There are 2 protein chains.
Amino acid sequence: MWGMPKVVDHNERRTRIAEALLRVAGEHGLEAVSLRHVAAEAGVTSGMVQHYFRTKDEMMAFALEVVRERSETRIAAAAADLGPDPAPRRLLRTVVAEVLPVDEPRRADGRVALAFLAYTAVRPEAAAPLRADTAAMLAFVAERIRAGGPRPGIDPDRAAVGLLALMEGLGVHLLGGHYDARTALDALDAHLDTIFE
Amino acid sequence: MWGMPKVVDHNERRTRIAEALLRVAGEHGLEAVSLRHVAAEAGVTSGMVQHYFRTKDEMMAFALEVVRERSETRIAAAAADLGPDPAPRRLLRTVVAEVLPVDEPRRADGRVALAFLAYTAVRPEAAAPLRADTAAMLAFVAERIRAGGPRPGIDPDRAAVGLLALMEGLGVHLLGGHYDARTALDALDAHLDTIFE
DNA sequence: AGTTTTGCGTTGCGGTCGCAACGTAACACG
DNA sequence: CGTGTTACGTTGCGACCGCAACGCAAAACT
């Protein structure tokens, strides 16, 4: 990345702007996301935002990408904290619990994710990366279930679908304040009990 | 065109406008919901919309109420179709499957519900009715599980949380096109297998 | 040194937004 | 028959929107 008139990490600026977008979206929803608003949150001029994103849709798509990478990183870190070769059940429980919106930072991320979910539901062309993400997670979870000695009669692929759906649903309900973190975690553990011995 | 200038069913008009709002939201998301747009969809002037809803927030809140009542009606109808005293497991499976976005009309409703979920996540003051709704469902499901002879070791309240979360998650994933209806229904049945004999 | 390229700010245009204000027509009621 | 009330329609204002256009400074290349 050499030889450009000004030495600026293009991608880093885009990321910084996208993070401002995510902050705005986490607080007031995606409908509050405008070029000027995001620019103000990022502490730059709206002209600069337009310099790094030719269109708003482009900015949105990039922000969605940032969200995905961020949660991927977070999950990987949580998994790494368990040390090498953790027991599958413990791994899955840790990863899922890590994503659940149980404290404010995680709730903010959850609100952003929910907003983008509704966003992609109406713009199918932007939903592809999310689909790929879930497919990867599905394969990973199924593999871990297989490796963890599931109860007899448990189909790992089916169980993976169930576990991820449970995670999503618990997240949504937690965000809505329908019950507290303990209730959600208890339900998670009870579900894991039905998969593993 | 008959004489009605004075004698008008206030609530019926509000509902008709709200339904137009839901159609707009289902197609283009909540951010496309504006007074003029909703008015056009409803085939009335924007002035009339303002006559029935003093503010946009008021219109939103009413529309949310309509969504809730509508799904409540739909669920009750599905339950009634099973005749008197249906087996709890069959009841629960029918009700949950009824709500899953497996065909276009249900997908449209699902998109609306998802949009409002993201909406209330950022406007906590509008989330109360949703919370009450889930609480009622939770109680109903737990009671049905209790009545259906759950497997030993199953706590009905915990299981109710799990089942409703699974339903929510399967719905979201179906909306995103992450897998097809059969996969979701298989996961649902597998989950019910872990609750009942 | 001069040219080019890039980074970034400023301005403003056409459009849409929520909403208040006002006008009007048809009824209800005295 | 006049008066108030309800049910709309119309207009327009101030704010905000995305985005194009243009200007300019500074760094890189020749």
Side-chain angles (χ1 to χ4, degrees), chain A residues 1-25 27-64 115-116 119 122-123 125-126, chain B residues 1-25 27-64 115-116 119 122-123 125-126:
Chain A
M1 279 304 194
W2 275 97
M4 298 198 179
K6 221 170 185 178
V7 192
V8 175
D9 186 342
H10 203 77
N11 213 289
E12 189 265 343
R13 301 271 190 171
R14 284 166 71 99
T15 304
R16 202 175 291 281
I17 293 171
E19 281 166 350
L21 188 157
L22 299 186
R23 258 175 279 138
V24 172
E27 277 176 48
H28 309 291
L30 271 191
E31 68 210 39
V33 170
S34 74
L35 298 184
R36 297 175 227 262
H37 204 131
V38 168
E41 173 72 28
V44 300
T45 65
S46 54
M48 178 167 165
V49 172
Q50 272 188 98
H51 176 68
Y52 285 103
F53 299 103
R54 277 168 307 184
T55 173
K56 187 188 176 181
D57 280 344
E58 194 182 312
M59 181 174 68
M60 293 290 225
F62 187 85
L64 178 51
F116 270 108
Y119 180 79
V122 172
R123 285 186 188 68
E125 78 276 7
Chain B
M1 289 294 192
W2 55 69
M4 47 119 125
K6 193 69 181 295
V7 192
V8 176
D9 185 343
H10 204 76
N11 213 288
E12 189 266 345
R13 300 270 189 170
R14 285 166 70 100
T15 304
R16 202 177 291 283
I17 292 172
E19 280 166 352
L21 188 157
L22 299 186
R23 258 175 279 138
V24 172
E27 278 177 48
H28 309 292
L30 271 192
E31 68 211 39
V33 169
S34 73
L35 297 183
R36 297 174 227 261
H37 204 131
V38 169
E41 173 72 30
V44 301
T45 65
S46 55
M48 178 167 165
V49 172
Q50 273 188 98
H51 176 68
Y52 285 102
F53 300 102
R54 276 168 307 184
T55 172
K56 188 188 175 181
D57 280 344
E58 195 183 312
M59 181 174 68
M60 292 291 225
F62 187 85
L64 177 52
F116 271 108
Y119 179 79
V122 174
R123 285 184 187 68
E125 77 276 8

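Order of the sequence lines sets the chain letters (A, B, ...), proteins ahead of strands, with each chain counted from 1. Keep in mind it's a predicted model, so treat the numbers as computed, not measured.
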Inset, instruction - Report yes if a side-chain nitrogen or oxygen of B/S34 is closer than 4.0 Å to either non-bridging phosphate oxygen (OP1 or OP2) of C/dT16; otherwise report no. - result: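 No, B/S34 has no side-chain N/O under 4.0 Å of OP1/OP2 on C/dT16.
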Among [options], which nucleotide sits nearest the side chain of [X]?
X     : options                : result
B/M48 : C/dC19, D/dC17, D/dG9  : D/dG9
B/R13 : C/dC8, D/dC8, C/dG18   : D/dC8
A/Q50 : D/dG18, D/dA20, C/dC19 : D/dA20
B/R36 : C/dC8, C/dC17, D/dC17  : C/dC17
A/L35 : D/dG9, C/dG7, D/dG18   : D/dG18
A/H51 : C/dC19, D/dG18, C/dG7  : C/dG7
B/Y52 : C/dG18, D/dA7, D/dG18  : D/dA7
A/T45 : D/dC19, D/dC8, C/dT10  : C/dT10

Inset, instruction - Determine the contact category for A/S46: base if any of its heavy atoms lies under 4.0 Å from a base atom, sugar-phosphate if only primed atoms, P, OP1 or OP2 are that close, otherwise nothing. - result: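 No contact.
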Does [X] reach the side chain of [Y], with side-chain heavy atoms less than 4.5 Å apart?
X     : Y     : value
B/R16 : B/R13 : no
B/M60 : B/L21 : yes
A/Y52 : A/T15 : no

Within this structure, what is the [atom1]-to-[atom2] distance between [X] and [N], rounded to whole angstrom?
X     : N      : atom1 : atom2 : answer
A/E31 : D/dC17 : CD    : P     : 12 Å
B/D9  : D/dT6  : CG    : P     : 16 Å
A/M59 : D/dC17 : CE    : P     : 11 Å
B/I17 : D/dC8  : CD1   : P     : 9 Å
A/R14 : C/dG7  : CZ    : C1'   : 14 Å
B/K56 : D/dA15 : NZ    : P     : 19 Å
A/E58 : D/dA20 : CD    : P     : 11 Å

Legend entry - Closest approach of B/V24 to B/A32 (non-hydrogen atoms, all atoms of both residues):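 Looking at all heavy atoms of both residues, the closest pair is CG1-O, 3.7 Å.
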Legend entry - A/L35 versus A/V49, closest heavy-atom pair with distance: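 Distance-wise, the nearest heavy atoms are CD2-CG1, 4.1 Å.
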Inset, instruction - Please tell me which of A/V33 and A/G47 maps to the more 5' nucleotide of DNA chain D, matching each residue to the nucleotide holding its nearest heavy atom. - result: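 Closest to the 5' end, via its nearest nucleotide, is A/V33.
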